[in-house]
Amino acid sequence: MVSASVEGGPAGRAPGFVIPSGSFPGPLDLESTLASGQVFTWDQAPDGCWEGVVEGRAIRVGQRADGLLVESKLSEASVRRYFRLDDDLEAIYRSFPPDPPLKAAVRRYRGLRLLRQDPWECALSFVLATFCNVPRIRRMARALSLEYGETVEGRPYLPSPERLASATEARLRELGLGYRAPNVLDLARRVAEGHLALGALRGRPYDEVVATLMEVRGIGRKVADCIALFSLEHMEAVPVDVWVERILKLRAPDLRSYPELAGFARSWLGPFAGYAQQYLYHQARMGAAEPCRGA
DNA sequence: AACCAGGTCTCGA
DNA sequence: TCGAGACCTGGT
């Protein structure tokens, strides 16, 4: 067999490097990070490595005892930024309240990091995500990638706003998006036409970010919080989905509305409430999927 | 085969 | 302002 791997070709092997564990504060657990329901475009290869696209480049990452193995044309700085290796995870853990279930979730998923996602990918993903389960979100994202997306170094990836804006609602429904089809179109058109500058929302105040995002059809408070937390640096944002709502109502049974629940979560969980939320969410969802598993 | 899913929108009180 | 229903579809 001839291994004719050409640098840059689809089968080409990207340069590899290791980001040593000691070179960033706190642990990193790839499995928890990439399978915790914050991102839907990564796949796990048979060898256990994860494959995705970051900043328009393909990337393969693997968990190693000595750190994070990376195969990509991306710079190390880009990878560090994406995986939020600048976050001092132990300090974030210390900021959490002494809540036994939260402590259990942290113990179990230690090393779960929020990602610094591209705002467009994040917004598109969570408009797709409304009221459906994670496997289906991944399926819809894959369908959009294959139908309208571009291939990034051999890997299918989500379409640009411009490309998606040219889609028809009927075709999007055929791809299985259901009633999300017009919402996805509205989002794509606003971004493509420059009426919604997602990148410019970085650094803007939380209330302004949420209000701006909610102008899009299909983006309510919860989806806006997801975008704010996962791609716009608002670690205080607490997306309240059905799982998190159950958890919050155990502590505050009298709270009903979304603003009340999210506000309670922020005061209870502290400045990194969004981080804590992700541990609670992941714990709840995995617990439901695998009911019998001793701690 | 029901029941549920990282909700949002509309509408009537 | 608040609660109730409708809503596409596929996983489990």
Side-chain angles (χ1 to χ4, degrees), chain A residues 32-42 105 109 112 114-115 117 119 121-144 146-147 158 167-187 190 210-232 234-235 237-249 252-263 265 269 273-293:
Chain A
S32 300
T33 297
L34 295 173
S36 67
Q38 58 174 321
V39 69
F40 309 98
T41 55
W42 288 78
Y109 303 114
L112 189 170
L114 293 184
L115 296 170
Q117 292 186 50
E121 170 176 338
C122 191
L124 176 56
S125 296
F126 282 95
V127 169
L128 289 177
T130 57
F131 205 52
C132 65
N133 52 37
V134 172
R136 188 176 168 203
I137 301 166
R138 299 173 55 80
R139 178 196 180 93
M140 290 187 291
R142 190 159 48 244
L144 282 186
L146 294 174
E147 180 81 4
L158 295 171
T168 64
E169 179 179 335
R171 183 57 185 147
L172 293 177
R173 282 182 179 269
E174 284 176 7
L175 292 176
L177 299 210
Y179 59 74
R180 300 158 194 82
N183 301 345
V184 161
L185 270 182
D186 183 38
L187 173 68
R190 282 173 186 263
V210 169
T212 303
L213 290 171
M214 284 179 61
E215 292 173 9
V216 179
R217 180 172 188 84
I219 298 185
R221 289 186 174 87
K222 191 269 174 183
V223 171
D225 272 333
C226 287
I227 301 167
L229 176 64
F230 300 136
S231 70
L232 295 171
H234 282 290
M235 316 297 273
V238 179
V240 181
D241 75 312
V242 294
W243 298 101
V244 173
E245 179 175 1
R246 285 171 201 152
I247 293 166
L248 293 175
K249 282 184 174 173
D254 49 331
L255 300 186
R256 306 291 295 172
S257 71
Y258 188 101
E260 283 178 331
L261 289 163
L269 298 169
Y275 243 108
Q277 170 276 152
Q278 196 61 19
Y279 281 82
L280 293 171
Y281 167 80
H282 193 44
Q283 166 92 309
R285 202 168 70 82
M286 299 311 282
E290 304 276 336
C292 319
R293 188 164 295 216

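Chain A is the first sequence line, chain B the second, and so forth, proteins listed ahead of strands; every chain is numbered from 1.
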Study note, to complete from the structure: Taken to the nearest whole Å, CH2/A/Trp243 to P/B/dA5 is 5 Å
Check your understanding: Hey, is the side chain of A/Glu245 pairing donor to acceptor with the base of B/dG7 inside 3.5 Å?
Key -> no
**Study point:** Nearest-Å distance for atom pair CZ/P, residues A/Arg246 and B/dG6
**Key:** 10 Å
Exercise for review: Remember a base hit wins even if backbone is also touched, and classify A/Val240 as base, sugar-phosphate or nothing at under 4.0 Å, heavy atoms.
Suggested key: nothing
Revision key, fill the gap. Answer for the Watson-Crick or wobble partner of B/dG12, both distances under 3.5 Å, is C/dC2
Review point. Which value, in whole Å, describes the distance between the P atoms of nucleotides C/dG10 and B/dC9?
Key: 23 Å
Study note, to complete from the structure: Between CG of A/Leu213 and P of B/dG7 the distance, given in whole Å, is 17 Å
Check your understanding: Base, sugar-phosphate, or nothing for A/Ser36, non-hydrogen atoms under 4.0 angstrom?
Key -> base
Practice item. Report yes or no: does A/Tyr109 contribute a side-chain atom to a donor-acceptor pair with the main-chain N or O of A/Gln278 at less than 3.5 Å? Key: no
Point to revise | Distance between C1' atoms of B/dC3 and C/dC7 (Å, rounded) | key: 16 Å
Exercise for review: Provide, to the nearest angstrom, the distance between the CZ atom belonging to A/Phe40 and the C1' atom belonging to C/dG11.
Suggested key: 15 Å
Study note, to complete from the structure: Assert: residue with more 5' nearest nucleotide on DNA chain C, out of A/Asn133 and A/Thr130, is A/Thr130
Exercise for review: Go through C/dC8, B/dG6, B/dT8 for me and flag the one nearest to the A/Val223 side chain.
Suggested key: B/dT8
Study note, to complete from the structure: Against the side chain of A/Arg256, the closest entry in B/dG6, C/dG10, C/dG3 is C/dG3
Exercise for review: Pick the P atom in B/dG6 and in C/dG3, then give their distance to the nearest Å.
Suggested key: 24 Å
Review point. At under 4.0 Å between heavy atoms, what does A/Tyr258 touch on the DNA or RNA strands: base, sugar-phosphate, or nothing?
Key: nothing
Review point. Is there a donor and acceptor pair closer than 3.5 Å between the side chain of A/Arg180 and the base of C/dC7?
Key: no
Check your understanding: Hey, which of these two, A/Asp241 or A/Val216, hits DNA chain B nearer its 5' end, going by closest nucleotide?
Key -> A/Asp241
Practice item. Please state the P separation for the pair B/dG7 and C/dT12 - nearest whole angstrom. Key: 16 Å
Exercise for review: Examine distances only and state if a side-chain atom of A/Gln283 and a backbone atom of A/Leu280 form a donor-acceptor pair shorter than 3.5 Å.
Suggested key: no
Check your understanding: Base, sugar-phosphate, or nothing for A/Glu260, non-hydrogen atoms under 4.0 angstrom?
Key -> nothing
Exercise for review: Under 4.0 Å between any heavy atoms, over every strand shown, what does A/Pro239 touch: base, sugar-phosphate, or nothing? Just pick one.
Suggested key: base
**Study point:** Touch class at under 4.0 angstrom, heavy-atom based, for A/Arg142 against every strand present
**Key:** nothing
Check your understanding: Can a donor-acceptor pair under 3.5 Å be found between the side-chain atoms of A/Tyr179 and the base atoms of B/dG7?
Key -> yes
Revision key, fill the gap. Heavy-atom closest pair (A/Ala35 atom, A/Arg285 atom, distance to 0.1 Å) is O-NH2, 3.5 Å
Point to revise | Complement of C/dC8, any strand, by Watson-Crick or G-U distances under 3.5 angstrom | key: none
Exercise for review: Whole angstrom is fine here: how far is it from CZ in A/Arg285 over to P in B/dC4?
Suggested key: 17 Å
Point to revise | A/Tyr281 (side chain) donor-acceptor with A/Val244 (main chain) under 3.5 angstrom | key: no
Practice item. Report yes if a donor N or O on one partner sits less than 3.5 Å from an acceptor N or O on the other, where the partners are the side chain of A/Arg217 and the base of B/dC9; otherwise report no. Key: no
Point to revise | Whole angstrom value for the distance that separates C1' of C/dC8 from CG of A/Leu144 | key: 15 Å
Point to revise | Toward the 5' end of DNA chain B, by each residue's nearest nucleotide, A/Arg221 or A/Arg136 | key: A/Arg136
Check your understanding: Does any donor-acceptor pair link the side chain of A/Gln278 with the base of B/dG6 at a separation under 3.5 Å?
Key -> yes
Review point. How is A/Cys132 classified with respect to the nucleic acid when contacts are heavy atoms under 4.0 Å: base, sugar-phosphate, or nothing?
Key: base
Practice item. For C/dG11 and B/dT8, measure between their P atoms and round to the nearest Å. Key: 22 Å
Check your understanding: Considering all heavy atoms of both residues, which atom of A/Leu175 and which atom of A/Ala143 are nearest to each other, and what is their separation?
Key -> O-CB, 4.0 Å
Review point. In whole angstroms, how far is the P atom of B/dG6 from the CD1 atom of A/Ile247?
Key: 13 Å
Point to revise | Donor-acceptor contact present, side-chain A/Gln38 to main-chain A/Leu229, <3.5 Å | key: no
Practice item. Provide, to the nearest angstrom, the distance between the CG atom belonging to A/Leu177 and the P atom belonging to B/dT8. Key: 17 Å
Review point. Ring stacking, A/Phe131 with base of B/dA5, under 5.5 Å and under 30°?
Key: no
Exercise for review: Give a yes or no answer on whether the side chain of A/Arg190 reaches the backbone of A/Glu215 with a donor-acceptor pair at less than 3.5 Å.
Suggested key: yes
